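The next block holds one structure in the form of structure tokens; read it before the comments.
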Amino acid sequence: MIVIGKVNDLEKAVDAFRNEGKSIGLVPTMGALHEGHLSLVERCRNENDVVVVSVFVNPTQFNNKEDLRTYPRTEEADKALLEKAGCDIVFMPSVEEVYPEPDTRVFDLGQVAEVMEGAMRPGHFNGVAQIVSKLFMMVKPDRAYFGEKDFQQIAVIRQMLKTEGFKLQIVPCPIVREEDGLAKSSRNVRLSPEAREAAPSIYHALTDSTQYAQNHTVAETQQFVIDYINAHPEMEVEYYQIVDGITLMPVNDWSDSDYIVGCVTVYCGGVRLIDNIAYKQK
């Protein structure tokens, strides 16, 4: 496994593999790796000749400076996990290396970037587009792998591909969960013992709501999830929206779409967690 910190070195290393006719897979991460990330690496390993993983806490996608400051950073542990997982190239640059000057690009990401996380975290998805587009330009991968926990992010990145003209395949990968249902997240390490005990209720609310939805309206189902989670003193729902799985626009009736997903954001002991569940699969 090669660990690289410079853009020029990354491009040279990837080009050498590509010149040998090898396919390139990319897994962009912000580090603090867990089994969810490793499932992306495993999928990438199975589908490509070369696995490139980026580990970079991207400042431009944080609209909360405290969240950026406290985001977990575990570089040595990340390298050990990636070597064991069969990664070929790890890209661990400094902020100065990725942004030698401020990135002023503003992307046309459309409505998928304006709802839910886009509304709650202004500028977040533009920052995501900045770093992901840079990585795509550096690595020029055949495929890039993203976890479905960040459901809206995948829709935004697909929109960026259209507007920017990138030619690669986006591969969404299923959410990996703890045994009690909590979606694996780098932020979970910040949960207090009390909050960690409460957090699985997010997934329980979502799964119970799929049964509830069979004889209740969209609005009733939405309220069911909010009330279920808010009933716990450690937790407060920021939003729960039931949306079309492609456009991310809210649905009013179960017949409005063939692909319907519920997306939730919850403050659990002060830590912001996200999750989602499908009511109708595409």
Side-chain angles (χ1 to χ4, degrees), residues 1-4 7 9-56 58 61 78-79 81-93 98 107 109-110 112-113 125 127-176 183-186 245-246 248 259 261 276 278 281-282:
M1 185 177 81
I2 312 167
V3 181
I4 293 174
V7 173
D9 293 340
L10 173 67
E11 291 174 340
K12 286 176 186 174
V14 174
D15 284 347
F17 283 119
R18 187 179 294 106
N19 290 339
E20 294 173 6
K22 294 184 175 179
S23 59
I24 312 293
L26 170 67
V27 182
T29 82
M30 291 208 300
L33 302 182
H34 50 69
E35 289 90 340
H37 297 108
L38 297 179
S39 72
L40 305 184
V41 176
E42 181 180 5
R43 177 88 176 264
C44 185
R45 174 81 278 160
N46 290 338
E47 297 179 357
N48 302 276
D49 298 319
V50 179
V51 176
V52 181
V53 178
S54 62
V55 175
F56 178 66
N58 174 43
Q61 70 191 69
D78 291 346
K79 283 189 278 192
L81 286 171
L82 290 172
E83 183 148 32
K84 191 175 179 183
C87 178
D88 297 297
I89 298 174
V90 183
F91 182 48
M92 285 185 162
V98 175
F107 293 80
L109 300 171
V112 294
F125 285 125
V128 169
Q130 287 175 342
I131 184 58
V132 173
S133 64
K134 278 179 173 281
L135 290 169
F136 287 174
M137 287 186 281
M138 294 171 196
V139 177
K140 301 180 181 64
D142 298 288
R143 299 173 193 87
Y145 296 78
F146 297 89
E148 288 184 333
K149 183 173 72 71
D150 295 295
F151 185 81
Q152 186 174 4
Q153 176 175 274
I154 294 172
V156 169
I157 290 168
R158 282 183 164 145
Q159 177 64 23
M160 185 195 72
L161 254 63
K162 290 179 187 174
T163 58
E164 299 301 305
F166 288 110
K167 303 296 182 188
L168 70 144
Q169 180 186 354
I170 301 298
V171 183
C173 299
I175 297 171
V176 176
K184 287 187 180 282
S185 168
S186 302
I246 302 296
L248 305 190
Y259 182 27
V261 178
N276 61 79
Q281 298 278 7
K282 58 183 174 180

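If you're wondering where the values come from, they're calculated on a predicted model, not measured in any experiment.
- In plain terms, the two heavy atoms of Ser186 and Ala32 that are nearest each other are OG-O, 3.0 Å.
- In summary, Lys12 and Asp15 do not engage in a salt bridge, as defined by a charged side-chain N under 4.0 Å from a carboxylate O.
- Atom NZ of Lys149 sits about 12.0 Å away from atom NZ of Lys184, to the nearest 0.5 Å.
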Can you give the donor-acceptor pairs under 3.5 Å from side chains of residues 82-89 to other protein atoms, not counting sequence neighbours?
{"unit_1": "Asp88", "atom_1": "OD2", "unit_2": "Arg45", "atom_2": "NH1", "d": "3.0"}
{"unit_1": "Asp88", "atom_1": "OD2", "unit_2": "Arg45", "atom_2": "NH2", "d": "3.4"}
{"unit_1": "Asp88", "atom_1": "OD2", "unit_2": "Val51", "atom_2": "N", "d": "2.8"}

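- Rounding to the nearest 0.5 Å gives a distance of 9.5 Å between CD1 of Ile24 and SG of Cys44.
- The minimum heavy-atom distance linking Ala144 with Leu168 is given by the pair CB-CD1, 3.7 Å.
- Between Val53 and His37, every side-chain heavy-atom pair lies at or beyond the 4.5 Å cut-off.
- Of all heavy-atom pairs spanning Asp142 and Lys22, the tightest one is OD2-O, 4.5 Å.
- We find the OH-CD distance between Tyr145 and Gln169 to be 6.5 Å, quoted to the nearest 0.5 Å.
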Between Glu20 and Asp49, is a side chain to side chain contact (heavy atoms under 4.5 Å, CB included) present by the stated rule, with each step listed?
CA-CA 10 Å; Glu20 294 173 6; Asp49 298 319; over 6 Å; no
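- Checking side-chain atoms of Asn48 against main-chain N and O of Ser23 turns up no donor-acceptor pair under 3.5 Å.
- Looking at Phe91 and Met138, their side chains come closer than 4.5 Å, going by heavy atoms from C-beta outward.
- The main-chain N or O of Glu148 is found under 3.5 Å from a side-chain atom of Asn276 such that the two form a donor-acceptor pair.
- Shown here are the salt bridge (charged side-chain N to carboxylate O under 4.0 Å, His left out) partners of Glu47, two or more places apart in sequence or in another chain: Arg43.
- With contacts defined as side-chain heavy-atom distances shorter than 4.5 Å, the pair Val14/Val50 does not qualify.
- Minimum interatomic distance between Gly31 and Thr29 (heavy atoms only, all atoms of both residues): N-OG1, 3.1 Å.
- A donor-acceptor contact shorter than 3.5 Å links the side chain of Lys134 to the backbone of Val98.
- For the atom pair CE (Met30) and CD (Gln61), the distance works out to 4.5 Å, reported to the nearest 0.5 Å.
- Residues Val132 and Phe146 form a side-chain contact, since some pair of their non-hydrogen atoms from C-beta on lies under 4.5 Å apart.
- Nearest heavy atoms, Ile4 versus Leu10: CG2-N, 3.6 Å.
- Here OH of Tyr259 is found 6.5 Å from CD of Gln281. Values are rounded to the nearest 0.5 Å.
- Scanning all heavy atoms of the two residues, the minimum distance from Val128 to Asn58 falls at N-ND2, 4.5 Å.
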Side-chain atoms of residues 152-162: list all donor-acceptor pairs with protein atoms under 3.5 Å, sequence neighbours left out, distances to 0.1 Å.
{"unit_1": "Gln152", "atom_1": "OE1", "unit_2": "Glu117", "atom_2": "N", "d": "3.0"}
{"unit_1": "Gln152", "atom_1": "NE2", "unit_2": "Val112", "atom_2": "O", "d": "2.8"}
{"unit_1": "Gln152", "atom_1": "NE2", "unit_2": "Val115", "atom_2": "O", "d": "2.8"}

